[in-house]
Amino acid sequence: MVAQKVKTMFQEKYRGVGRILISCPDRPGIVAAVSKFLHENGANILQSDQYTQDPEGGMFFMRIEFFKEGLEETVDELRRAFTTVADQFSMNWKITLANRPKKMVIFVSKEDHCLRELLWNWQAGDLNAEITMVISNHEDSRELVESLGIPYHYLPVTPETKPEVEKKQRELMEGNVDFIVLARYMQILSSYLVEHFRNRIINIHHSFLPAFIGGKPYDQAYKRGVKIIGATAHYVTEELDAGPIIEQDVSRVSHRDNVNDLKKEGRHIERIVLARAVKWHIEDRILVDKNKTVVFT
């Protein structure tokens, strides 16, 4: 089975590898304190990235990937020990296991190009994720999804049934989700879901935000005679298409391109941008700061 093959591959590749994500007010000594902690606990730093917004009182962001023999058995002990350092610098932080697959739930509607891209990347071993289910308000992708052994849940949505459907979605995902991907899911999520999965729902918007928010962005772009079109992957917030941006890309177009040409080119960009954002989320490369992100790629 594909899922077991991918899981086994990442377990071997990243055995003993952990990651620390840190954000805190900038001050001298943070890097030294974290490095000293890892050294004293028998860990070796494999990669380190850091960024300071403003040397004069801004925020500090850091991502470290490290190796520690037997980390899988001692990670909880390491987390408890790190609280002393974290408290000293008022850190927001987390320590994760690189070989632990994140549980991903995909929401999709009729268009399946972004879903197919995620499934292909997963099958190719590029995403360390367990796709626990696909939820859709259409039946179109059932055969594709179930052929890979992934559960497919059809939950049609109307304005009247939306609260009931979202409650059912929550029930299905209980204990089976770390984050959600909206792979062209053409329904607006209510605060009932957004609040519960804060900074854990990734959406692909078929526009280079903040331009052309809402529906039919390619029609809007065509009417404006744009010379570039793009796509934006972002975390979902209560404000439509206004959450922290993770990744964007663009492609040049001209007056010769009609709406269908824009949509065709746009689908290509959407697939790439969403796959990048999902991969970076899985690899703990994203830190959210208010309505912006710091992405260590």
Engineer: Consider only side-chain heavy atoms of I, L, V, M, F, W and Y, link residues closer than 4.5 Å, and tell whether L46 and L38 are in one cluster.
Structural biologist: no
Engineer: Flag the pair E12 and R15 as a salt bridge only when some basic side-chain nitrogen lies within less than 4.0 angstrom of an acidic carboxylate oxygen.
Structural biologist: yes
Engineer: Is the shortest side-chain N to carboxylate O distance from R276 to D249 below 4.0 Å?
Structural biologist: yes
Engineer: Are V6 and L127 co-members of a hydrophobic cluster defined by side-chain heavy atoms under 4.5 Å apart?
Structural biologist: yes
Engineer: Hey, can you pull the donor-acceptor pairs under 3.5 Å for the side chains in residues 182-192, sequence neighbours left out?
Structural biologist:
| from | atom 1 | to | atom 2 | distance (Å) |
| --- | --- | --- | --- | --- |
| R184 | NH1 | E270 | OE1 | 2.9 |
| R184 | NH2 | E111 | OE2 | 3.3 |
| Y185 | OH | Q169 | NE2 | 3.3 |
| S190 | OG | E166 | OE1 | 2.3 |
| S190 | OG | Y192 | N | 3.2 |

Engineer: Looking at side-chain heavy atoms only, is the closest gap between M62 and D49 below 4.5 Å?
Structural biologist: no
Engineer: Would you give the length of the straight line joining atom CD1 of I246 to atom NZ of K279, rounded to the nearest 0.5 angstrom?
Structural biologist: 14.5 Å
Engineer: Which atom names give the shortest non-hydrogen contact between F107 and M173, and what distance separates them?
Structural biologist: CE1-SD, 3.9 Å
Engineer: Given the rule in the side-chain hydrogen bond (donor to acceptor under 3.5 Å, both in side chains) test, do S141 and D112 qualify, once you have shown the distances and angles that lead to the verdict?
Structural biologist: CA-CA 7 Å; S141 298; D112 66 357; 4.7 Å; no
Engineer: Checking W122 against I106 for the side chain to side chain contact (heavy atoms under 4.5 Å, CB included) test, could you report, in this order, the C-alpha distance in whole Å, the side-chain angles of both residues, the deciding distance, and whether it holds?
Structural biologist: CA-CA 12 Å; W122 175 67; I106 302 174; over 6 Å; no
Engineer: List, one per line, each side-chain donor-acceptor pair under 3.5 Å for residues 68-75, sequence neighbours excluded.
Structural biologist:
| from | atom 1 | to | atom 2 | distance (Å) |
| --- | --- | --- | --- | --- |
| E72 | OE2 | G16 | N | 2.7 |
| E72 | OE2 | N99 | ND2 | 3.1 |
| T74 | OG1 | G70 | O | 3.3 |

Engineer: Between the side chains of D289 and K292, is the shortest nitrogen-to-carboxylate-oxygen separation below 4.0 Å, so that they form an ion pair?
Structural biologist: no
Engineer: Hey, any chance I204 and V105 share a hydrophobic cluster, counting ILVMFWY side chains that come within less than 4.5 Å of each other, even indirectly?
Structural biologist: no
Engineer: Tell me, with the steps shown, if F296 and Y51 meet side chain to side chain contact (heavy atoms under 4.5 Å, CB included).
Structural biologist: CA-CA 9 Å; F296 291 119; Y51 166 70; 4.0 Å; yes
Engineer: Among E247, H205, Q248, which residue satisfies the side chain to side chain donor-acceptor pair (under 3.5 Å) criterion with T232?
Structural biologist: Q248
Engineer: Please check if L118 and I180 belong to a single hydrophobic cluster, counting links between Ile, Leu, Val, Met, Phe, Trp and Tyr side chain heavy atoms closer than 4.5 Å.
Structural biologist: no
Engineer: Does a side-chain N-to-carboxylate-O contact under 4.0 Å join R170 and E174?
Structural biologist: no
Engineer: Would you indicate whether the side-chain heavy atoms of I135 and Y152 approach each other to under 4.5 Å?
Structural biologist: no
Engineer: Any salt bridge between K94 and D284, counting N to O under 4.0 Å?
Structural biologist: yes
Engineer: Would you say the ring centroid of F197 lies under 6.0 angstrom from that of F179?
Structural biologist: no
Engineer: Hey, is K162 close enough to E160 for a salt bridge, meaning N to O under 4.0 Å?
Structural biologist: no
Engineer: Looking at Y14, is R19 sitting on its ring face, NZ or CZ under 6.0 Å from the six-membered ring centre and within 45 degrees of the normal?
Structural biologist: yes
Engineer: Looking at D178 and R100, is any side-chain nitrogen of the basic one under 4.0 Å from a carboxylate oxygen of the acidic one?
Structural biologist: yes
Engineer: Are V177 and L119 in one and the same hydrophobic cluster, where Ile, Leu, Val, Met, Phe, Trp and Tyr link if side-chain heavy atoms are under 4.5 Å apart?
Structural biologist: no
Engineer: Backbone N or O of N176 within a donor-acceptor pair of the T132 side chain at under 3.5 Å?
Structural biologist: yes
Engineer: With no hydrogens and no angle check, is any side-chain donor or acceptor of R142 less than 3.5 Å from a backbone partner on H138?
Structural biologist: no
Engineer: Just to verify, which of D26, I22, I30 counts as forming a side-chain contact (heavy atoms from CB on, under 4.5 Å) with F89?
Structural biologist: I30
